[in-house]
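To start, the structure under review is shown below, and the notes come after it.
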Amino acid sequence: LGKNKAKIFMQEDIDIRFADVAGVDEAREELVEVVDFLKEPEKYTRLGGKIPRGTLLVGPPGTGKTMLSKAVAGESGVPFFSMSGSEFVEMFVGLGAARVRDLFEQAKKKAPCIIFIDELDALGKARGLGMAGGHDEREQTLNQLLVEMDGFDPNIGVILLAATNRPEILDPALLRPGRFDRNILVDRPDKAGREAILKIHLKNIKADPKIDVTVLAGMTPGMVGADLANLINEAALLAVRRNKSEVGMSELAEAVERVVAGLEKKNRLINPKERRIVAYHEMGHAIVAASLPGTDPVQKISIIPRGIAALGYTMQTPTEDRFLMSKTELLNRIATLLGGRAAEDIVFEDISTGAHNDLARATDIARSMVKEYGMSSTVGQVYFAREKNNQFLNFPQQGAAEYSQATAKLIDEEVKAIISRQYENAQEILKQAQHILERGAELLLENEKIEGEELQKLMR
Ligand code: ADP
Ligand code: MG
Ligand code: ZN
């Protein structure tokens, strides 16, 4: 019973290669390095370099995480121990832990090799959550995994690879240095990525060579690899039903509609109206950031839903590591965060829930300015943040605040004043630049992303 149930694959068994996985180039490049290490460990260890013990693939379902891991196995030519997180956790207490031990035992004997744990979240959920006592078995299994990870020397050539859709529920202990300390984001593909994926899957069916894959990619915003594979399959079935000798654009277009309808039902696609809102929202952030001095340059704007929660994102890279921030910089940062909502307000004369994370972050900064950094002249150069310490006691502590109610009121008012001043500021900037906002949003809707340089050109 204590034997692990991992399936062991040898290279001959795996016919997936990196060339079969498209649209996730960054993730692929990082994994190529892992394969390279397995092939030529001396190259890395000779200079004293250490290989990361654990690599975690993170991304939404269907983006190709499992496929990428198999490609690692297919390319590296070493044994591949594959197991799903849920397979460790069983009815009997202690069994999962025994299996983990056995798995590492066997892997060490077969080194160099890869251990792959799919759906790591099933096993690695944070301890101490949920009902008290009910998760003994899972906790023991997780503890054993942590022990094993700490105990092995990666230089013997055992590489641990895992995948998850839900990194946010993982036990933080798993992510500490020396464990899964390398995260690879396997993100939703952009338009070019979808085109590449579609091409791969079109090869598997008999398709009309005149099909315009670029157009097809443009029709499938938000879809991941699995959706696209499904789409091609649907089209093939439709063609059969219509007694056609090959799959044409009309079947593909109809398949798109079906897949979209299915995904919309599952709430996994954003509809065109929402897409427009997201485009203006993200442009709002970007234009405010680009207009204010001392903000980090915008590197990329995208309306491809990223990760689990965000509908779009505007990426800013800091030009240097910062330890001190001036008041002006903090205010500019707040204005940038509010730029998304300000744009929605101007363009649609309505606002959406899409800004709640922005608001939370802006409010955090404003509150810190008032309570911690003494940056409000009304409240003064005083530090008021002490009651924060007791974050684990979730009942209100009587008398814990070290300031009067009058001060509390003053703080609240000042935070609100900072936020509304910066909101006005953001709106002012965006009204001046409304033609850029319109043009940028159009570009975003068309291409799904705008690179930093393109934005600068637009701004000029
Ligand atoms: P995940 O593990 O991220 O949920 P999978 O790797 O299981 O996703 O992908 C499911 C299927 O979707 C794959 O077998 C493949 O047919 C298709 N697929 C997903 N991503 C890609 C991709 N990037 N390139 C080509 N096909 C993909
Ligand atoms: Mg998977
Ligand atoms: Zn936003």
Side-chain angles (χ1 to χ4, degrees), residues 14-28 31 56-72 82-86 116-122 161-167 184-190 192-205 217 223-233 259 268 277-289 298 301-303 305-306 309-316 333-345 351-362 426:
I14 298 169
D15 51 4
I16 296 181
R17 298 288 179 272
F18 282 135
D20 299 320
V21 197
V24 283
D25 299 337
E26 284 154 42
R28 197 170 57 184
L31 287 171
L56 184 62
L57 300 177
V58 179
T63 44
K65 297 180 296 298
T66 305
M67 209 180 167
L68 270 169
S69 319
K70 292 212 174 114
V72 171
S82 170
M83 203 158 174
S84 169
S86 55
F116 173 54
I117 305 177
D118 209 351
E119 326 275 337
L120 180 67
D121 41 282
L161 208 60
T164 180
N165 309 328
R166 310 187 57 194
I184 299 184
L185 183 66
V186 188
D187 220 338
R188 283 172 211 271
D190 58 12
R194 292 197 305 274
E195 188 173 332
I197 296 173
L198 283 166
K199 279 190 181 141
I200 286 179
H201 288 277
L202 275 168
K203 273 195 219 131
N204 299 330
I205 62 167
M223 289 193 195
V224 295
D227 301 329
L228 296 170
N230 180 16
L231 166 80
I232 302 285
N233 191 46
V259 174
R268 275 191 36 212
I277 297 177
V278 175
Y280 280 99
H281 179 107
E282 295 306 327
M283 264 326 280
H285 285 309
I287 292 174
V288 174
V298 175
I301 320 164
S302 159
I303 57 167
R306 186 187 180 85
L311 293 173
Y313 58 93
T314 300
M315 208 154 92
Q316 288 174 275
R333 190 165 281 199
I334 294 175
T336 302
L337 283 166
L338 297 172
R341 165 156 290 188
E344 289 180 39
D345 203 352
I351 48 182
S352 74
T353 54
H356 86 268
N357 183 39
D358 299 335
L359 295 185
R361 284 164 61 196

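Atoms within a ligand are numbered from 1 in the order they appear, just like the ligands themselves. Side-chain atoms are counted along with the backbone in the values below, which use heavy atoms only and exclude waters and symmetry mates.
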Problem - Stepwise side chain to side chain contact (heavy atoms under 4.5 Å, CB included) check, V58 with T164 - result: CA-CA 5 Å; V58 179; T164 180; 4.3 Å; yes
Side-chain touch [X]/[Y], heavy atoms, less than 4.5 angstrom:
{"X": "L359", "Y": "R341", "result": "yes"}
{"X": "L338", "Y": "D358", "result": "no"}
{"X": "I184", "Y": "L68", "result": "no"}

Exercise for the section: Could you please provide the protein residues found below 4.0 Å of ligand 1 on a heavy-atom basis, arranged by chain and number? Expected result: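 Within 4.0 Å of ligand 1, protein side: D20, V21, A22, P61, G62, T63, G64, K65, T66, M67, I197, H201, G225, A226, A229.
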Exercise for the section: Go through S302 and D190 one step at a time and tell me if the side chain to side chain contact (heavy atoms under 4.5 Å, CB included) criterion holds. Expected result: CA-CA 9 Å; S302 159; D190 58 12; over 6 Å; no
Exercise for the section: Before accepting this row, confirm whether a basic side-chain N of the pair D25/R28 lies closer than 4.0 Å to the acidic partner's carboxylate O. Expected result: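 Judged by the 4.0 Å cut-off on N to carboxylate O distance, D25 and R28 do form a salt bridge.
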Problem - side chain to side chain contact (heavy atoms under 4.5 Å, CB included) between I16 and M67, intermediate numbers included - result: CA-CA 7 Å; I16 296 181; M67 209 180 167; 4.2 Å; yes
Handout entry: Minimum-distance N/O/S atom that D358 presents toward the Zn ion (ligand 3)
Key =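 Considering only N, O and S atoms, D358 comes nearest to the Zn ion (ligand 3) through OD2.
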Exercise for the section: Kindly give the atom name of the N, O or S atom of H281 closest to the Zn ion (ligand 3). Expected result: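 It is NE2, the N, O or S atom of H281 closest to the Zn ion (ligand 3).
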Practice task
Take I232 and N204 through the side chain to side chain contact (heavy atoms under 4.5 Å, CB included) test and state the conclusion after the steps.
Solution key: CA-CA 9 Å; I232 302 285; N204 299 330; over 6 Å; no
Practice task
Output yes when a side-chain donor or acceptor of K65 lies under 3.5 Å from a complementary backbone atom of P60, and no otherwise.
Solution key: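 Yes: the side chain of K65 pairs with the backbone of P60.
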Exercise for the section: Would you give the length of the straight line joining atom CG of N165 to atom CG of L120, rounded to the nearest 0.5 angstrom? Expected result: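 With rounding to 0.5 Å, CG (N165) is 11.0 Å from CG (L120).
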Handout entry: Distance below 2.8 Å from the Mg ion (ligand 2): protein N/O/S atoms
Key =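 Within the sphere that stays under 2.8 Å of the Mg ion (ligand 2), the protein atoms of type N, O or S are T66 OG1.
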